[in-house]
Amino acid sequence: MKTRKTSLLKWLAMIELVIGAYNLMTGLMSAYVLLTDLDGVMASFAESGMEYSVGVLGASVAITCIGGLIMALAGAIGMIFGSLPGKQKLPIYCGYGLLAFVLLSDIVQVAFLESGIGLSMLFPFVLHGLYLWGAMKNKKELEAVA
């Protein structure tokens with residue numbers, strides 16, 4: 001009996017798709033809250049002692065939405081195009097794009113949102129790095145079969 005092996009890229013693409021959809025949903029809900037009750041959000045931050053401008057909050061929500069969309073698209077592309085011969089480079093490009101976006105996102109968080117550099121910033125690099133590694137490994141495997 002022959003068992004079918006699921007590639008590392010497909011597993012990581014599924015994880016990227018799920019986390020990306022969650023981030024996109026969170027970003028859209030945050031955008032909805034900002035659009036409908038901006039005064040309440042600003043008052044809530046003022047009560048807690050944090051002062052953010054509307055531009056900074058909008059940028060944070062935009063980063064969350066764009067990041068979620070990129071992750072969901074990379075996950076879908078990895079699942080669809082990962083096993084098609086001749087289309088193996090597209091998931092690799094998505095992996096590079098994910099790493100570049102996470103790097104820019106962390107720079108914005110540290111520089112403009114005044115957040116510290118924490119261990120939680122490491123998880124996206126590990127996840128996207130594994131996705132890129134899986135895409136490269138998948139490309140080599142498909143080229144070896146062909």
- Side-chain heavy-atom pair L103, L99 within 4.5 angstrom cut-off: no
- Would you say the side chain of K137 lies within less than 4.5 Å of the side chain of L9, judging by non-hydrogen atoms? no
- Query: Atom CG in L69, atom SG in C65: separation rounded to 0.5 Å?
  - Reply: 9.0 Å
- Task: Check whether M71 and L28 end up in the same hydrophobic cluster, where Ile, Leu, Val, Met, Phe, Trp and Tyr are linked by side-chain heavy atoms less than 4.5 Å apart.
- Result: no
- Item | Gap separating the CD atom of E16 from the CD1 atom of I70, nearest 0.5 angstrom | 11.0 Å
- Query: Has F125 got more than 12 heavy atoms of other residues, nucleotides or ligands less than 6.0 Å from its CZ?
  - Reply: yes
- Task: Examine distances only and state if a side-chain atom of Y131 and a backbone atom of A74 form a donor-acceptor pair shorter than 3.5 Å.
- Result: yes
- Item | Interatomic distance, E141 atom CD to E143 atom CD [nearest 0.5 angstrom] | 11.0 Å
- Query: For the hydrophobic clusters of this structure (ILVMFWY residues joined by side-chain heavy atoms under 4.5 Å, transitively), does one cluster hold both F101 and L122?
  - Reply: yes
- Message: For S105 versus I63, what's the shortest heavy-atom pair and its separation?
- Response: OG-CG2, 3.4 Å
- Item | L132 and M136: CA distance, side-chain angles, deciding distance, side-chain contact (heavy atoms from CB on, under 4.5 Å) verdict | CA-CA 6 Å; L132 181 60; M136 289 180 177; 4.0 Å; yes
- Query: Can you tell me if N23 uses its side chain to pair, donor with acceptor, with the backbone of T64 under 3.5 Å?
  - Reply: no
- Task: Flag the pair P91 / N138 as yes when at least one side-chain heavy-atom distance between them is below 4.5 Å, and no otherwise.
- Result: no
- Considering all heavy atoms, the nearest I92-A135 contact: CG1-CB, 3.7 Å
- Task: Walk me through it: do L12 and W133 pass the test side-chain contact (heavy atoms from CB on, under 4.5 Å)?
- Result: CA-CA 10 Å; L12 292 168; W133 180 61; 5.8 Å; no
- Message: For L57 and V41: C-alpha separation, side-chain torsions, deciding distance, then whether side-chain contact (heavy atoms from CB on, under 4.5 Å) applies.
- Response: CA-CA 10 Å; L57 290 175; V41 170; 4.2 Å; yes
- Between V61 and G27, the two heavy atoms sitting closest are CG1-O, 3.5 Å
- Evaluation steps, side-chain contact (heavy atoms from CB on, under 4.5 Å), between L17 and L73: CA-CA 7 Å; L17 181 65; L73 287 175; over 6 Å; no
- Query: Do V56 and I107 share a hydrophobic cluster (ILVMFWY, side-chain heavy atoms under 4.5 Å, transitive)?
  - Reply: no
- Say whether V33 and L38 are linked into one hydrophobic cluster, either directly or through other cluster members, by side-chain heavy-atom distances under 4.5 angstrom. yes
- Message: What's the separation between atom CG in L90 and atom CD in Q88, rounded to the nearest 0.5 Å?
- Response: 10.5 Å
- Would a distance-only check, ignoring hydrogens and angles, find a side-chain to backbone donor-acceptor pair under 3.5 Å from K87 to F81? no
- Task: Kindly give the heavy-atom pair with the smallest separation between A13 and M79, and that separation in Å.
- Result: CB-CG, 3.5 Å
- Distance from S44 atom OG to D39 atom CG, nearest 0.5 Å? 12.5 Å
- Test item: T26 side-chain N/O and Y22 main-chain N/O as donor-acceptor pair under 3.5 Å: yes
- Message: Donor-acceptor pair, distance only, cut-off 3.5 Å: does the side chain of T36 make one with the backbone of Y32?
- Response: yes
- In this structure, NZ of K10 is separated from CD1 of I15 (nearest 0.5 Å) by 14.5 Å
- Task: For the residue pair M121 and V110, establish whether any side-chain heavy-atom pair is separated by less than 4.5 Å.
- Result: yes
- F123 with L130, same ILVMFWY side-chain cluster at under 4.5 Å: yes
